[in-house]
There are 2 protein chains.
Amino acid sequence: MTVSDGRSFIEEGSPANDFFVVTEGRVKLFTLLPDGRRQITGFAEGGDFLGLAASRSYAFGAEALGTVTLCRFPHAGMSRLTHRFPNLEHRLREEASRELILMQARMTLLGRKTARERVATFLIERARLLHGPDTEQMAETIELDLPMPRSDIADYLGLTIETVSRIFSAFKKEGLINIRAITHISLLAPERISLIAEGAE
Amino acid sequence: MTVSDGRSFIEEGSPANDFFVVTEGRVKLFTLLPDGRRQITGFAEGGDFLGLAASRSYAFGAEALGTVTLCRFPHAGMSRLTHRFPNLEHRLREEASRELILMQARMTLLGRKTARERVATFLIERARLLHGPDTEQMAETIELDLPMPRSDIADYLGLTIETVSRIFSAFKKEGLINIRAITHISLLAPERISLIAEGAE
DNA sequence: CGGATCTTTGATAGAGGTCAAGTGCCGTGG
DNA sequence: CCACGGCACTTGACCTCTATCAAAGATCCG
């Protein structure tokens with residue numbers, strides 16, 4: 001299954017019949033308020049599961065960020081699969097657990113961190129996606145590619161586009177980052193950004 | 001295992017050896033920032049699972065809200081259990097999924113809702129805990145007991161104590177609720193509160 | 001009762017949102 | 001190859017909501 005840029009393939013509230021695995025590309029997951037306010041609850045990449053939270057209807061919408069390829073599994077067939085591969089059930093639970101831990105951190109970000117801390121956290125999160133969770137290499141410059149527009153970053157961090165933009169500019173002026181292109185940012189002082197992210201500066 | 005009021009029984013970051021089920025009473029789960037800012041990520045009640053997000057160390061702290069009794073299961077013994085009761089694994093995943101859905105809603109609350117909307121959402125959430133998710137009975141008055149202090153409500157909603165207090169007062173003045181006692185609130189117009197919660201007013 | 005703690009209320013300040021121009025980037029077409 | 005238009009991003013001015021700081025009640029418990 002292939003979905004092209006900007007195309008929505010899960011409608012929030014629609015009946016949840018399938019379960020997806022992202023094979024190529026990126027996806028944004030979000031929930032909406034009636035007046036259009038949007039919270040992006042996560043970005044999914046190759047290998048990520050989607051629709052784990054199996055209920056009657058989807059609790060979120062999903063939209064392609066660039067071109068995406070997915071595997072679609074009908075829920076109906078899942079019970080047959082888990083029966084055949086008992087380990088699968090365990091694997092799915094692990095995946096759900098991992099997601100739960102991430103969400104707890106994001107709740108702290110949304111509920112308690114300042115705008116600076118949120119943006120710093122976002123940058124570090126992206127850096128770790130590339131170079132693993134190790135703190136090593138944090139001393140050097142890290143090149144980052146942000147495939148999503150500012151509006152997605154804002155909705156992910158619970159901020160406005162303007163605030164995100166202003167903070168990127170501030171970080172640049174402080175010598176923490178370099179903005180090579182709109183989608184390409186260099187972290188010049190990852191260690192210091194990491195400190196800001198934890199609320200220590 | 002019994003824990004008395006205010007006692008902490010899971011330390012954030014400590015090695016995650018056990019898995020808990022709340023049998024009696026209530027528990028608050030939270031994460032902390034280095035400077036003491038706190039985000040309460042959820043309240044657990046009788047029947048709820050704790051420590052599902054099984055990783056090396058606990059991603060959250062837990063503290064008793066009143067006296068609590070718990071069952072403690074060492075992780076080590078879990079694999080034996082799930083082997084004996086294959087259904088358990090499925091049950092755990094369902095529980096994790098349910099939690100994931102709740103967390104998505106909370107992320108939207110923390111990232112995108114106003115203070116009024118957050119407090120209204122909290123009240124409706126509590127009401128549903130008593131009377132089920134049905135919208136019926138929403139027409140009448142609902143009596144609520146809030147077992148947690150304002151500081152917990154504030155840290156749950158990503159607000160300050162003062163803001164929570166002011167909004168309770170405002171709701172009272174608007175005839176939406178009645179504050180019988182600090183811990184006892186009557187929802188006089190559940191339907192209208194529900195609308196506020198969704199951002200429709 | 002009396003003191004500690006929690007909650008409410010008031011006054012003020014500040015972080016981030018809103019509104020409104022720019023600015024830069026990129027694709028299209030002349 | 002350059003001009004133009006559109007769109008995303010940035011920047012600025014201003015405002016609002018919520019946090020902060022400070023008392024003044026409530027409530028609880030010895």
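Every chain is numbered from 1 and lettered A, B, ... according to where its sequence line falls, protein lines coming before strand lines.
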Closest to the B/L159 side chain: D/dT27, D/dG12, D/dT18? D/dT18
Exactly one of B/F9, B/F49, B/F73, B/F60 clears ring pair (Phe, Tyr, Trp, His ring centres under 6.0 Å) with B/F20, and that residue is B/F9
Salt bridge or not between A/E89 and A/R93? Use side-chain N to carboxylate O under 4.0 Å. no
Side-chain N or O of A/R150 closer than 4.0 Å to phosphate OP1/OP2 of D/dT10: yes
Quickly work out the B/E117 CD to D/dT18 C1' distance and round it to whole Å. 14 Å
Send over the distance from B/H184 NE2 to D/dA26 C1', rounded to a whole Å. 18 Å
Would you mind reading off the distance between A/K172 atom NZ and D/dT11 atom C1', rounded to a whole angstrom? 13 Å
Which whole-number value in Å describes the distance from B/D5 CG to C/dT5 C1'? 14 Å
Tell me whether the OP1 or OP2 atom of D/dA19 has a side-chain N or O from B/T163 closer than 4.0 Å. yes
Counting side-chain heavy atoms from CB outward, which of C/dT9, D/dT11, C/dG17 is closest to A/S165? D/dT11
Taking the nucleotide of DNA chain D with the closest heavy atom to each, which residue, A/I182 or A/R112, is nearer the 5' end? A/I182
Looking at residues at least two apart in the chain, or sitting in another chain, which of them share a salt bridge (charged side-chain N to carboxylate O under 4.0 Å, His left out) with A/E117? B/R37
From CZ of B/R118 across to C1' of D/dA19 the rounded distance in Å is 12 Å
Under 30°, 30 to 60°, or over 60°: which ring-plane class applies to B/Y156 and B/F43, parallel, tilted or perpendicular? tilted
Looking at the side chain of A/T160, which of C/dT7, C/dA20, C/dG17 is the nearest nucleotide? C/dG17
Rounded to whole Å, CG of B/D152 lies from P of C/dC6 at a distance of 10 Å
Side-chain contact check for B/T114: nearest option of C/dT7, D/dT18, C/dT8 is D/dT18
Do B/R166 and C/dG10 share a donor-acceptor pair, side chain to base, under 3.5 Å? yes
How many Å lie between CD on B/E162 and P on D/dC17, as a whole number? 18 Å
Looking at A/R126 and A/E45, is there a salt bridge between them, counting it only when a charged N and a carboxylate O are closer than 4.0 Å? yes
Distance, rounded to the nearest Å, where B/D155 contributes CG and C/dT7 contributes C1': 15 Å
